[in-house]
*Asks:* 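Please read through the structure below; I'll follow up with questions.
Naming convention: chains lettered A, B, ... in sequence-line order (proteins, then strands); numbering from 1 in each chain. Hydrogens, waters and symmetry mates are skipped; everything else that's a heavy atom, side chains included, is used.
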Protein chains: 2
Amino acid sequence: MDMPTPPDQPGTNADCRKVNAIFGRLGDKWTILAITMLSGQPRRFNELKRLIGGISQQMLTRTLRSLERDGMVTRQVFPTVPPQVEYGLTERGQSLAIPLMQLSMWVLGHISDIEAHQALYDREAKQQRK
Amino acid sequence: MDMPTPPDQPGTNADCRKVNAIFGRLGDKWTILAITMLSGQPRRFNELKRLIGGISQQMLTRTLRSLERDGMVTRQVFPTVPPQVEYGLTERGQSLAIPLMQLSMWVLGHISDIEAHQALYDREAKQQRK
DNA sequence: CTGTATCCTAGGGGATACTG
DNA sequence: CAGTATCCCCTAGGATACAG
């Protein structure tokens, strides 16, 4: 019984919020790459690391943990002598991969146009201020 | 003729990189919300601000500038006495909105499952360590 | 091989005040 | 009303060292 009006901001539709939270995940530096590399076949930790390329051990661990927490990825440990851990997409992870790939395709199809537009924009901006 | 092997990291497919870069944009705190609010009809600055809710003036400006730079959004200034600026989606912006909405639908359809899985995961993790 | 613990930095993002 | 300029904080993410 405290807040008169702003308990929930105007257009802050709860749905939009949630969607955005997940997009934040997907948009982080490695998540999409990881999902992509896992679609099709399960992969071992270092195999993933090589495939992704440029990711630090720690970030790969973090990324995979988050995905595991979301139920997107399974983690199976084989207690062999040098321990092996295999990661794979869950059903949910695979179903996510579908709209994800569609969006990826859109980006790939438009990326050169976008980059051209950025270059143009930057050129105009530079001229304006000097 | 310099670099023997690592000029481009292993799996660092250039395509994946580019897709990821755009996803970083989409995943930032406000971009998706802004695109969503602009789909359907153009909006004025403060109108957008109200609709989105919780966004600072500066972040709205930055977000819109980025979208403009990418050619997703148009900006039209009406030199009225209190200046008015209207933002709208370009054709490219509208075409992006399509796969974006599909992904949003996926998230909305799975968000409760995901949250449940997270809660479960957190509970198990907590028990394990204490 | 896989994972955790530290430490550190760059930049995203908020608040506020000021301008045309 | 729309936008810029400052200042400041917090956290994503890298490097490194260590452990099972």
*Asks:* Provide, to the nearest angstrom, the distance between the CG atom belonging to A:L48 and the P atom belonging to C:dT2.
*Replies:*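 Spelled out: CG on A:L48 to P on C:dT2 is 9 Å.
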*Asks:* What's B:Y87 touching, base or sugar-phosphate or nothing? Going by heavy atoms closer than 4.0 Å.
*Replies:*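 Answer is sugar-phosphate: B:Y87 comes under 4.0 Å of backbone atoms only.
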*Asks:* Heavy atoms of chain B, cut-off under 4.0 Å: which first and last nucleotide of DNA chain D, 5' to 3', fall inside that, if you could look?
*Replies:*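 Endpoints of the contacted stretch of DNA chain D: D:dC1 to D:dT6.
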*Asks:* Can you tell me how far apart CG (B:L48) and CG (B:L38) are? Round to the nearest 0.5 Å.
*Replies:*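 The CG atom of B:L38 is 5.0 Å from CG of B:L48, to the nearest 0.5 Å.
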*Asks:* So for atom CD, which belongs to B:E91, do other residues, nucleotides or ligands contribute more than 12 heavy atoms lying within a distance under 6.0 Å?
*Replies:*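 Incorrect, the count does not exceed 12.
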*Asks:* What string of B, S and - do you get for nucleotides 12-20 of chain C, 5' to 3', when a contact is any protein heavy atom under 4.0 Å?
*Replies:* -BBB----B
*Asks:* Under 4.0 Å between any heavy atoms, over every strand shown, what does A:R75 touch: base, sugar-phosphate, or nothing? Just pick one.
*Replies:*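 Sugar-phosphate contact only.
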*Asks:* B:R75 vs B:Y87, test: side chain to side chain donor-acceptor pair (under 3.5 Å). Steps then yes/no.
*Replies:* CA-CA 5 Å; B:R75 174 174 180 272; B:Y87 292 92; 3.3 Å; yes
*Asks:* Atom CD in B:E68, atom OG1 in B:T63: separation rounded to 0.5 Å?
*Replies:*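 B:E68 atom CD to B:T63 atom OG1 measures 12.5 Å (nearest 0.5 Å).
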*Asks:* For the helix from C:dC1-D:dG20 to C:dG20-D:dC1, what angle separates the axis at the start from the axis at the finish, each from five pairs, in steps of 10°?
*Replies:*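 Comparing the axis at each end, I get an angle of 40°.
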*Asks:* Is any side-chain heavy atom of A:I114 closer than 4.5 Å to one of B:R92?
*Replies:*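 Side chain of B:R92 against side chain of A:I114, heavy atoms only: contact under 4.5 Å found.
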*Asks:* Report the distance from atom CG of B:L33 to atom CD1 of B:I55, rounding to the nearest 0.5 Å.
*Replies:*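 Separation between the atoms: 7.5 Å.
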*Asks:* Using whole Å, what does the distance between atom P of nucleotide C:dT4 and atom CG of A:L64 come to?
*Replies:*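 In whole Å, C:dT4 P and A:L64 CG are 11 Å from each other.
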*Asks:* Tell me which one of A:R43, A:R44, A:R50 satisfies salt bridge (Lys or Arg N to Asp or Glu O under 4.0 Å) with A:E47.
*Replies:*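 It is A:R43; the other options fail the test.
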*Asks:* Working to the nearest 0.5 Å, report the span between OG of A:S56 and CZ of A:R62.
*Replies:*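 It comes to 7.5 Å.
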*Asks:* How about B:E86 and B:F45: do any of their side-chain heavy atoms sit closer than 4.5 Å?
*Replies:*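 A side-chain contact is absent here, since even the closest heavy-atom pair is not under 4.5 Å.
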*Asks:* Nearest 0.5 Å please: distance from the CE atom of A:M101 over to the CG atom of B:L103.
*Replies:*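 Result: 10.5 Å between the selected atoms.
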